[in-house]
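Have a look at the structure below, then the notes.
Bear in mind the structure is a predicted one, so any value in this text is a computation, not a measurement.
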Amino acid sequence: MPDSPFEARMCELLHGEHPTRHDELMTNYRDARNYLLRHVYEEIRASEPNLTDHGPRHIRDVQRNALKLLPDRTTGTDGLSALEMYCLGMCILFHDTGNITGREGHEQNIGGIFDAARGTEASTRREKTLVTRACNAHTGYASDGSRDTLRELSREEPFEGERIRFREIAAILRFADELAEGPHRTSDYRRQTDHYESSSRVHHEYASITHALIDRHHERIVLAYEIRVDQSPEGRDQEEWLIELMEYTLGRIRKLDQERRYATYYAPLLEPFKATDVSFNFHCGEQVMDVDLPALRLHDFTVPGTEAKPLDVKYPELSPSTLVPGLIRECQETKAEE
């Protein structure tokens, strides 16, 4: 498998900063990657067939996101060091491998897979500790029952004789993974032929409508949603289904924006991302519907004393129970005129 742009950047940094270790470290990385490609990633679907994609495409997507989140070297801003990139690369490879034994608590089930891919020699133990701890923190709960998993990680850790920004690496992993959403994570055929369990349908439909842009230059994350008004899963009432999908989408927008703020708190390299911009487009048959909805901008600026409101309260036009019936009526009228 050829190196991805993320891996090429890692290779370049290692060659420049650690020329005597470059070949060894890249061999370690590629051997682990190739083991997971042959023996783990595709088996996740066999274990959890109703999950959105967690295979090689997802890994490349998270790598691509991580690279876009980091500063471009042409700006003159320092990003991660070579060893930090190596550690982040390993974390991306392993972060979802625990799904092979089931979704519940998958972030805690990486140790045995790491041993199989990297071996159990003394030289791998330090790397295993860092990778498993960072992967443990990419989702799930902290020891106090909260979602603040990054707080429990050390700000810095020693690795290969250098100091690495460990908590920052884990924050980048977590946010890059959160942003790895889109039509590539689901199957149009399986959705259209009703091959996903009913409890998983909304997750796959959300993936199919989501398009994300990491726009570091303009200090924002951009989300665009492309939603079919005239389709619903077999056996589901159209209006009920669209309300469920819109409610789920609003919840995911809120969660992603929380993850943006959370990641930037723990990762100074991510501080430029100060806002999340959101747009909705609705489709009916061959037409893109002309729906007048406000542009959403979720940002960090706060006026003291201002109360935070849910999206559908702050933007009443987005209330699913109000928006959806009007969309369906308009779609039906459009089709009747064709």
Side-chain angles (χ1 to χ4, degrees), residues 37 40-62 64-65 96 99-100 102-104 106 177-213 222-253 255-256 278-291 293 318-338:
L37 283 167
V40 177
Y41 292 144
E42 298 300 341
E43 297 304 314
I44 292 173
R45 187 175 298 281
S47 299
E48 291 285 351
N50 289 290
L51 286 182
T52 52
D53 178 60
H54 287 76
R57 287 181 303 178
H58 176 61
I59 297 302
R60 287 292 173 101
D61 197 18
V62 178
R64 185 164 47 249
N65 289 346
D96 271 338
N99 281 297
I100 197 170
R103 180 65 176 169
E104 187 68 27
H106 72 281
D177 185 46
E178 179 68 26
L179 288 165
E181 200 63 87
H184 55 280
R185 295 202 67 186
T186 186
S187 163
D188 274 351
Y189 175 78
R190 294 194 72 199
R191 285 189 303 105
Q192 292 168 6
T193 55
D194 201 25
H195 275 72
Y196 292 118
E197 289 183 355
S198 58
S199 60
S200 299
R201 286 174 181 166
V202 72
H203 306 293
H204 286 272
E205 193 67 27
Y206 177 79
S208 77
I209 68 174
T210 304
H211 302 266
L213 169 68
V222 181
L223 299 174
Y225 294 98
E226 304 292 338
I227 302 172
R228 286 294 300 267
V229 174
D230 54 348
Q231 287 186 350
S232 59
E234 186 176 349
R236 290 296 302 272
D237 175 77
Q238 186 180 13
E239 182 173 323
E240 177 188 79
W241 165 246
L242 280 173
I243 288 174
E244 179 184 347
L245 178 59
M246 281 298 300
E247 288 175 344
Y248 182 84
T249 300
L250 293 177
R252 286 295 299 266
I253 292 168
K255 179 179 183 297
L256 188 142
V278 186
S279 64
F280 293 91
N281 297 295
F282 298 94
H283 298 250
C284 174
E286 298 178 354
Q287 303 298 317
V288 179
M289 300 172 67
D290 186 14
V291 180
L293 285 178
L318 287 176
S319 172
S321 59
T322 302
L323 174 65
V324 167
L327 287 172
I328 292 175
R329 283 195 302 272
E330 184 177 339
C331 183
Q332 291 170 340
E333 291 170 1
T334 299
K335 286 191 168 184
E337 293 172 357
E338 290 179 350

Thr193: which residues meet the side-chain hydrogen bond (donor to acceptor under 3.5 Å, both in side chains) condition with it, sequence neighbours left out?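 Applying side-chain hydrogen bond (donor to acceptor under 3.5 Å, both in side chains) to Thr193 gives His195.
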
In chain order, what residues pass the side-chain hydrogen bond (donor to acceptor under 3.5 Å, both in side chains) check against His211, with sequence neighbours excluded?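 For His211 there are no side-chain hydrogen bond (donor to acceptor under 3.5 Å, both in side chains) partners, ignoring immediate neighbours.
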
Taking atom [atom1] of [X] and atom [atom2] of [Y], what is their separation to the nearest 0.5 Å?
X      : Y      : atom1 : atom2 : answer
Phe282 : Ile209 : CZ    : CD1   : 8.5 Å
Ile328 : Glu239 : CD1   : CD    : 5.0 Å
His283 : Leu327 : NE2   : CG    : 11.5 Å
His203 : Thr186 : NE2   : OG1   : 11.5 Å
Glu48  : Asn50  : CD    : CG    : 8.0 Å
Trp241 : Gln231 : CH2   : CD    : 11.0 Å

Under 3.5 Å, side chain of Arg185 to main-chain N/O of Ala180, donor-acceptor pair present?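 Side chain of Arg185 to backbone of Ala180, a donor-acceptor pair under 3.5 Å: yes, one is there.
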
Asp237 atom CG: more than 12 heavy-atom contacts under 6.0 Å: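 More than 12 within 6.0 Å, yes.
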
Tell me, do Phe280 and Met246 make a side-chain contact under 4.5 Å, heavy atoms counted?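 Phe280 vs Met246: side chains touch.
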
Take Asp53 and Asp61 through the test side chain to side chain contact (heavy atoms under 4.5 Å, CB included) and record every step on the way to the result. CA-CA 11 Å; Asp53 178 60; Asp61 197 18; over 6 Å; no

I need the minimum non-hydrogen distance between Asp96 and Ile44, along with the two atoms involved.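 Taking every non-hydrogen atom into account, O-CD1, 3.7 Å.
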
Can you name the nearest heavy-atom pair linking Asn99 to His54, along with the distance?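 Closest heavy-atom pair between Asn99 and His54: ND2-CD2, 3.6 Å.
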
Tyr206 vs Tyr248 aromatic rings, parallel, tilted or perpendicular, using cut-offs 30° and 60°?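 Ring orientation of Tyr206 relative to Tyr248: perpendicular.
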
